[in-house]
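Single-structure report; data block below.
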There are 2 protein chains.
Amino acid sequence: MTPAAPQPDTKTRILDAAARLFHEQGFNATGVSTILREANINPGSLYNLFPSKDALLGAVLERYTELLYPVVMKPVEDKTADPIDRVFALLQQYRDWFSPLEFRLGCPIGNLALEVADSHPEIRPLIQRNFDGWSAFVEKWLIEAGDRLPKQLDRKQLAATVLTVMEGGLMQARSSRSAAAYDASVAQLRTYFDLLLSQAQSERGSGERASRSSGG
Amino acid sequence: MTPAAPQPDTKTRILDAAARLFHEQGFNATGVSTILREANINPGSLYNLFPSKDALLGAVLERYTELLYPVVMKPVEDKTADPIDRVFALLQQYRDWFSPLEFRLGCPIGNLALEVADSHPEIRPLIQRNFDGWSAFVEKWLIEAGDRLPKQLDRKQLAATVLTVMEGGLMQARSSRSAAAYDASVAQLRTYFDLLLSQAQSERGSGERASRSSGG
DNA sequence: TCAAACGTTGAGTGAACATTCAATCAGAAG
DNA sequence: CTTCTGATTGAATGTTCACTCAACGTTTGA
């Protein structure tokens, strides 16, 4: 007989259940009693650890920040070496996570962004920090791409656009229960990148001719 | 003494209040009692016209569909004649609507898309229809642009991308209370369009030389 | 003038909500 | 074994939720 796996500690069980339920149902639509049932704890335990449901949401968002690298970015960086390919590997990974569920769920952070950004002043900065983390990684990759992208291209702007494509595409995918709009947006972004890459290539070409004495 | 403006009829007052409150606070966070107070009616009147809060949400979304052309698209078409400029006039109009409020509110349809798309099966198609309407207008403009855009460019894909930029950019704008990410995404889209326009121009150039005997 | 039809009134319904707290428990320290 | 400490228990709190319905007005048509 297999020994029962030791149950994770109370705090972890609460955070796991809350994160999953907030993602599946939204924050306002998730009752504390449901979290208690799914985490298999009693109300006193929750309120011993978290002063309120809002504070629990804050803790969930802080955990998303902590998990950003190990869960989201590291798999992409491990699987894909080329910095520009990484951008599209990230977009593909997101598609692979949500397409099996027919896009019934959205981005856990994006969902919360639209639901509580305005009503919970202390939560909004935590959402912003998550988005900042995401686009910081993409920006890092774009900077690593060096002169493969046009010199005057604003890497930060383009990184924000990659995040825009993820979130805007996923929103439409959820609404239509279809990958079409997400795939369309990613395909257009790919075309844009290809145009930028070839533009940079011709920049480099003429630049080499103009400065070939400096070596390289 | 100015005569009191005649109060709009019950149904209109309910729909106005509900649309405003759903937009400002979200669907789940808006109590029916708040709608009643703001519309200045009693619960019986609401439930005489709408069988449930969900049905009221459906009616609000149907009105959004009806108002899409007169409120959103007609102003853009009236002010701007060039089909490609219209795309960016639409994006600018959306920015002008939400920047005075420091992006405290998001897209009324996008907000609902992420809040209720999964939990309300009968509502999701109404959200989808709204998005379809938006991107159909953009696609129409892109088709009107004719050979100013590359021949092989998928107009439907690009139209979906324009919507993606609106929604994804606005989501980030809400999270950061700043236009930066929205403006960044629009700027990148503008650069993409410029690259497509010049690509189409060289297509036309070589095309003319190859078939100048056919006239035009 | 009257009655049928229809919209409106608003107190009232039970259920679900987030939260509380005195009691109880398990484990560590002496 | 006793005492202390901190986590856990779970019934109970008051509030808010979406919604109901018998009573009441007002309009309509003959």
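In what follows, every heavy atom counts, from backbone to side chain, and hydrogens, waters and symmetry copies are set aside. Chain A is the first sequence line, chain B the second, and so forth, proteins listed ahead of strands; every chain is numbered from 1. Computed from a prediction, not measured in an experiment: that's the story for all the values here.
Within 4.0 Å (heavy atoms only), B:G44 reaches at least one base atom of the nucleic acid. Note on B:T34: nothing from the nucleic acid sits closer than 4.0 angstrom, heavy atoms only.
Checked against the 6.0 Å centroid criterion, the rings of A:Y94 and A:W134 qualify as a close aromatic pair.
When each of A:V32 and B:P43 is assigned the nucleotide of DNA chain C with its nearest heavy atom, B:P43 is the one assigned upstream, toward the 5' end. Of the residues near DNA chain D, B:A29 and B:S45, the one whose nearest nucleotide (by heavy atom distance) lies more toward the 5' end is B:A29.
When rounded to the nearest whole Å, the span between NZ of B:K53 and C1' of D:dT20 equals 17 Å. Between the CG atom of B:N42 and the C1' atom of D:dA22 there is a distance of 15 Å, rounded to whole Å. Taking atom CD1 of residue B:I41 and atom P of nucleotide C:dG10, one finds them 12 Å apart after rounding to whole Å. For the pair A:D54 CG and C:dC17 P, the interatomic distance rounds to 16 Å; values are reported in whole Å. The nearest whole Å value for the distance from the CG atom in B:N28 to the P atom in D:dT16 is 18 Å. Atom OH of A:Y47 and atom P of D:dA7 are 18 Å apart (whole Å). B:N48 places its CG atom 6 Å from the C1' atom of C:dG7, with the value rounded to the nearest Å. The CZ atom of A:F50 sits 11 Å away from the P atom of D:dT8 (whole-angstrom rounding).
The shortest non-hydrogen separation linking A:L46 to A:I14 is CA-CD1, 3.9 Å.
OP1 or OP2 of D:dT8 has at least one side-chain nitrogen or oxygen of A:T10 nearer than 4.0 Å. OP1 or OP2 of C:dC17 lies within a sub-4.0 Å distance of a side-chain N or O belonging to A:S33.
No more than 12 heavy atoms of other residues, nucleotides or ligands lie within 6.0 Å of NZ in B:K79, so this atom counts as exposed by the packing criterion.
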Atom pairs and distances, side-chain donor-acceptor, residues 30-42 of chain A, under 3.5 Å, sequence neighbours left out:
unit_1: A:T30; atom_1: OG1; unit_2: A:L21; atom_2: O; d: 3.3
unit_1: A:T30; atom_1: OG1; unit_2: A:G26; atom_2: O; d: 2.6
unit_1: A:E38; atom_1: OE1; unit_2: A:R20; atom_2: NH2; d: 2.3

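B:S185 pairs with exactly one of B:T164, B:L91, B:V165 by the side-chain contact (heavy atoms from CB on, under 4.5 Å) rule, that one being B:V165.
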